[in-house]
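All values below come from the heavy atoms of this structure, side chains included, with hydrogens, waters and symmetry mates left out. Atoms within each ligand, like the ligands themselves, are counted from 1 in listed order.
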Amino acid sequence: MRAVQIVELTGPDSALRLAGLPEPEPSHMLTPGSGVLLDVYAAGVSFPEVLQTRGEYQLKPPLPFVPGSEVGGIVRSAPEGAGLATGDRVAAFCMLGGFAEVAVAPAHLVFALPDELDFAQGAGLVLNYHTAYFALKLRGRLGEGETVLVHGAAGGVGTAALQVAKGLGARTIAVVSSDEKERVARDAGADEVVRSNAAWRDQAKELSGGGVDVVIDPVGGDRFTDSLRSLREEGRLVVVGFTGGSIPEVRVNRLLLNNIEVVGAGWGAYTIGKPELAAEIGAALSDLIDRGFVRPIVGARFPLERAADALELIDGRGATGKVVLDVRGG
Ligand SMILES: NC(=O)c1ccc[n+]([C@@H]2O[C@H](COP(=O)([O-])OP(=O)(O)OC[C@H]3O[C@@H](n4cnc5c(N)ncnc54)[C@H](OP(=O)(O)O)[C@@H]3O)[C@@H](O)[C@H]2O)c1
């Protein structure tokens with residue numbers, strides 16, 4: 001099969017090679033001896049793969065390895081009792097190995113892909129949308145009628161968070177850095193859009209009538225303190241990632257003085273080993289798809305052999321929505 005490997009840890013433009021490799025066995029590292037074998041049509045590309053090309057991600061397999069955490073594809077074979085059959089269209093989280101024509105995923109992280117969504121959208125469904133639901137609802141306790149501020153709102157996690165928040169009955173304020181990203185955030189359903197280089201904290205306070213209930217923060221960096229200041233009493237800031245580069249520190253007196261919370265949301269670490277929780281989130285998202293709220297926004301698409309260009313786009317802050325590799329036609 002055709003696959004893209006990381007062969008050295010020198011960054012996105014030089015770390016990758018296209019290779020001819022044997023197809024994987026139907027066994028996944030999370031469920032040894034068992035796994036769903038998939039014909040991959042589209043592979044999702046995300047920030048962790050950029051970090052993996054530099055050896056900076058927590059998951060550090062020995063070289064060479066095939067990266068790619070999620071795919072849209074068709075089931076070739078599934079373990080008995082998995083509720084999946086050969087020929088099913090699915091979105092799957094495989095953790096590694098997705099940049100290839102055939103991949104393997106644990107059965108509990110394979111979800112039916114409804115006809116409304118194509119394979120590229122399927123390749124953007126698990127990581128970002130499961131994270132968004134986990135961060136907003138399960139960690140941030142977002143309630144109907146509340147207001148949520150989303151940083152990096154035109155990105156993969158950001159667009160997913162905007163759509164899921166709307167589906168949960170919340171009002172959304174998007175923070176973005178450019179006109180193009182503002183358009184993407186509005187396409188994803190943002191009620192209000194503010195600019196990261198303007199007085200977004202004051203604008204958010206005004207737009208929310210005194211402070212937002214929840215902040216979803218995949219960016220971190222130096223905007224963190226202003227995020228805390230934009231919360232209303234009992235507000236929650238949910239930490240999702242650090243694309244801004246630096247990991248912020250909290251002066252906890254702010255939490256005490258304003259009666260606010262900082263909450264961590266690490267979807268993978270918490271849910272990957274909990275099949276019932278993965279199914280619960282999958283069912284909630286399936287409902288949001290049926291009701292028209294969840295429609296992954298695919299930004300750039302590249303053929304498999306141009307995976308390096310896809311990673312560089314993300315690395316250079318140029319990505320919008322989900323970046324996808326087309327692995328097979330169809
Ligand atoms: N906690 C979890 O379970 C979990 C799950 C999935 C992903 N993540 C993490 O969430 C983060 C976002 O992932 P994503 O897929 O949404 O990424 P993405 O599509 O590249 O979006 C990230 C956004 O961050 C903003 N940003 C601000 N400063 C940046 C900089 N210096 N470089 C790049 N982007 C910058 C950009 O928006 P503006 O230009 O508008 O500022 C960009 O749109 C990553 O750190 C990822 O590892 C965490």
List the atom of A154, the atom of V184, and the distance in Å for their closest heavy-atom pair.
O-CG1, 3.8 Å

By number and element, which atoms of ligand 1 are closer than 4.0 Å to a non-hydrogen atom of G152?
23 (C), 37 (O)

What about S196: any of its N or O atoms under 3.5 Å from an N or O on ligand 1?
no

Out of all atoms in ligand 1, which are within 4.0 Å of some heavy atom of L127? Include the element for each.
5 (C), 6 (C)

If you measure every N or O of W267 against every N or O of ligand 1, does any of those distances drop under 3.5 Å?
yes

If I apply the N/O under 3.5 Å rule, does S46 come out as touching ligand 1?
no

Hey, any chance V324 and V71 share a hydrophobic cluster, counting ILVMFWY side chains that come within less than 4.5 Å of each other, even indirectly?
no

Option whose closest heavy atom lies nearest to atom 30 (C) of ligand 1, chosen from N197, T243, V323, T271:
T243

Numbering the atoms of ligand 1 from 1, which are under 4.0 Å from a heavy atom of P218?
10 (O), 11 (C), 12 (C)

Please state which protein non-hydrogen atom is closest to atom 19 (O) of ligand 1 and give its distance, to 0.1 Å?
G156 N, 2.8 Å

Best match, K181, R317, H130, E49: closest heavy atom to atom 43 (O) of ligand 1
K181

Salt-bridge test for R229 and D202: reply yes if a basic N is under 4.0 Å from a carboxylate O, no otherwise.
no

Which residue and non-hydrogen atom of the protein lie closest to atom 21 (O) of ligand 1, and at what distance in Å?
G155 CA, 3.5 Å

Polar contacts were defined as any N/O atom of the residue lying under 3.5 Å from an N/O atom of the ligand; does this apply to F47 and ligand 1?
no

Check the angle between the aromatic planes of F119 and Y41 and answer parallel, tilted or perpendicular using the 30° and 60° thresholds.
parallel

Heteroatom distance test (I314, ligand 1): nitrogen or oxygen, under 3.5 angstrom:
no

Heavy-atom side-chain contact between S69 and E49 under 4.5 Å:
yes

In terms of side-chain heavy atoms, does H151 have a donor or acceptor partner in S227 at a distance below 3.5 Å?
yes

Is there at least one pair of N or O atoms, one from V240 and one from ligand 1, spaced under 3.5 Å apart?
yes

Between K322 and S46: side-chain donor-acceptor atoms closer than 3.5 Å:
yes

Please confirm whether E182 comes under 4.0 Å of ligand 1, counting heavy atoms of the residue only.
no

Kindly indicate whether the side chain of R17, heavy atoms from C-beta on, has any atom under 4.5 Å from the side chain of E8.
yes

At under 4.0 Å between heavy atoms, which part of R223 makes contact with ligand 1: side chain, backbone, both or neither?
side chain

Using a 3.5 Å cut-off on N or O atoms only, is V157 in polar contact with ligand 1?
yes

Is it true that D187 and R183 have a side-chain N and a carboxylate O under 4.0 angstrom from each other?
no

Would you say the side chain of V36 lies within less than 4.5 Å of the side chain of V75, judging by non-hydrogen atoms?
yes

Check: R2 main-chain N/O paired with E101 side-chain donor or acceptor under 3.5 Å
yes

Taking every heavy atom of I6 against every heavy atom of L63, the minimum-distance pair comes out as O-CD2, 3.6 Å

Does any part of the side chain of T53, heavy atoms only, come nearer than 4.5 Å to the side chain of L16, both counted from C-beta?
yes

Of the side chain and backbone of L51, name the one, both, or neither that has a heavy atom under 4.0 Å from an atom of ligand 1.
neither

Of all protein heavy atoms, the one nearest atom 38 (P) of ligand 1 is S177 OG, 3.3 Å

Decide yes or no for I216 and L237: does some side-chain heavy atom of the first lie under 4.5 Å from some side-chain heavy atom of the second?
no

Of the backbone atoms (N, CA, C, O) and the side-chain heavy atoms from C-beta on, which set of F134 has a member under 4.0 Å from an atom of ligand 1: side chain, backbone, both, or neither?
neither

For atom 5 (C) of ligand 1, grab the closest protein heavy atom and report residue, atom and distance to one decimal in Å.
T131 OG1, 3.2 Å

Short list, please: which atoms of ligand 1 are under 4.0 Å from a heavy atom of G266?
1 (N), 3 (O)

Residue of the set L257, L255, V250 for which side-chain contact (heavy atoms from CB on, under 4.5 Å) holds with N253
L257

For G244, atoms of ligand 1 separated by under 4.0 Å from a heavy atom
28 (N)

I need the atoms of ligand 1 closer than 4.0 Å to a non-hydrogen atom of V219, numbered in the order shown.
24 (O), 25 (C), 27 (C)

Numbered atoms and elements of ligand 1 in range of A265, under 4.0 angstrom, heavy atoms:
1 (N), 2 (C), 3 (O)

Give the numbers and elements of all ligand 1 atoms closer than 4.0 Å to a heavy atom of F242.
45 (O)

